[in-house]
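All values derive from a computational prediction rather than experimental measurement. Counting starts at 1 for both ligands and their atoms, following the listed order.
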Amino acid sequence: MAMTADGKIATSTRSVHTFGSARDGANLHALRATADAILCGARTVEETGATMGNGGQRYGMARIRRGLREHPLRVVVSGSGTISPDAEIWRHRFSPILVLTTRRASRARLDGLRTLADGVWVSPGNTLDWAAALAWLRREHGVRRLVCEGGGEVNDALFRGGWVDELRLTLCPLVFGGRDAPGIAGGIGVEKIAEAARFELRGFRRVGDEFFLIYRRPRARRPGFH
Ligand SMILES: NC(=O)c1ccc[n+]([C@@H]2O[C@H](COP(=O)([O-])OP(=O)(O)OC[C@H]3O[C@@H](n4cnc5c(N)ncnc54)[C@H](OP(=O)(O)O)[C@@H]3O)[C@@H](O)[C@H]2O)c1
């Protein structure tokens with residue numbers, strides 16, 4: 001995630017969502033080149049026009065050298081199935097697009113998703129069962145390493161569930177402000193410090209005015225909540 005110095009990942013109107021340097025973009029593509037699949041929330045896919053591609057031939061070759069498919073699988077989370085059929089991603093069919101949804105999605109929405117996506121997984125119940133979703137991705141699609149690229153709502157669910165092994169942040173020298181501007185973790189959040197997802201700083205690099213930070217989950221313990 002690229003974030004401003006005040007922790008925002010887009011402006012409050014959401015008109016600005018890409019603000020990292022070319023170096024930040026290259027880092028993102030290098031990270032994607034290590035993943036079996038990329039995952040994004042429905043609003044990120046719609047609002048950024050993300051196609052979740054491999055970043056070009058150079059990165060595609062790097063993936064093949066690692067024994068990965070040329071293009072990552074693409075996973076969209078849309079619990080009530082509202083992802084727009086007009087989203088840009090549906091026009092780019094270079095790799096399978098999978099949708100994770102729930103029983104909250106109406107029959108009509110599910111039918112629509114099934115015509116658009118290459119695979120639709122419906123979680124039992126109204127909230128997404130991440131353990132079951134990730135198990136499905138691994139079992140049916142061989143996903144062992146998943147890179148989540150936001151937005152804030154998906155991130156929050158993954159942090160709260162203790163599913164994040166590594167957090168990569170680009171700290172950009174900007175301040176957006178705005179109470180409605182999304183941050184790196186929106187959604188429900190936690191109430192107590194004991195429930196917070198905890199990480200150790202494992203690496204950092206300054207390039208120009210940006211910091212590239214790598215946090216990892218401590219090896220000895222899992223976050224104190226599920
Ligand atoms: N700076 C960066 O690096 C960066 C990266 C990515 C995104 N962004 C920005 O972040 C903003 C989008 O973030 P956001 O938090 O508003 O939205 P988001 O997380 O991208 O998408 C939210 C939608 O995804 C589905 N969803 C998310 N978590 C879910 C869960 N646990 N279970 C079921 N469904 C879930 C829901 O879809 P349904 O409504 O269908 O249920 C929800 O409405 C955009 O402005 C984008 O530009 C910035």
Open item on the list: Just to be sure I'm reading this right: ignoring hydrogens, which of Gly152, Ala133, Ala157, Gly41 gets closest to atom 31 (N) of ligand 1? Compare them by their nearest heavy atoms.
Closed with: Ala157
Task: Which segment of Glu47 sits under 4.0 Å of ligand 1 when only heavy atoms are counted - done: side chain
Open item on the list: Could you tell me, atom by atom, which parts of ligand 1 come under 4.0 Å of a heavy atom of Val77?
Closed with: 24 (O), 25 (C), 26 (N), 29 (C), 33 (C), 34 (N), 35 (C)
Task: Check against salt bridge (Lys or Arg N to Asp or Glu O under 4.0 Å), Arg14 and Glu47 - done: CA-CA 8 Å; Arg14 299 180 173 227; Glu47 291 174 17; 3.2 Å; yes
TODO: Check each of Asp129, Ile9, Thr11 against atom 8 (N) of ligand 1 and report the one with the nearest heavy atom.
DONE: Ile9
- [ ] Give the C-alpha distance, both sets of side-chain angles, the deciding distance and a yes or no for side chain to side chain contact (heavy atoms under 4.5 Å, CB included) between Leu201 and Leu213.
- [x] CA-CA 7 Å; Leu201 183 64; Leu213 303 160; 4.2 Å; yes
- [ ] Check Ser78 against ligand 1 and report side chain, backbone, both or neither, counting heavy atoms closer than 4.0 Å.
- [x] both
TODO: Please work out which of Gly187, Ala105, Gly151 has its closest non-hydrogen atom nearest to atom 13 (O) of ligand 1.
DONE: Gly151
Task: Pair listing, side chain to side chain donor-acceptor pair (under 3.5 Å) test, anchored in residues 93-111, at least two apart - done: Arg74-Ser95, Arg93-Asp118
Open item on the list: Below a 4.0 angstrom heavy-atom separation, can you tell me which part of Met3, side chain or backbone, both or neither, approaches ligand 1?
Closed with: neither
- [ ] Would you kindly specify which portion of Ser80 sits under 4.0 Å from ligand 1, judged on non-hydrogen atoms: side chain, backbone, both or neither?
- [x] both
Open item on the list: Give me each pair satisfying salt bridge (charged side-chain N to carboxylate O under 4.0 Å, His left out) with a member in residues 31-46, each pair once, sequence neighbours excluded.
Closed with: Arg32-Glu149, Arg43-Glu46
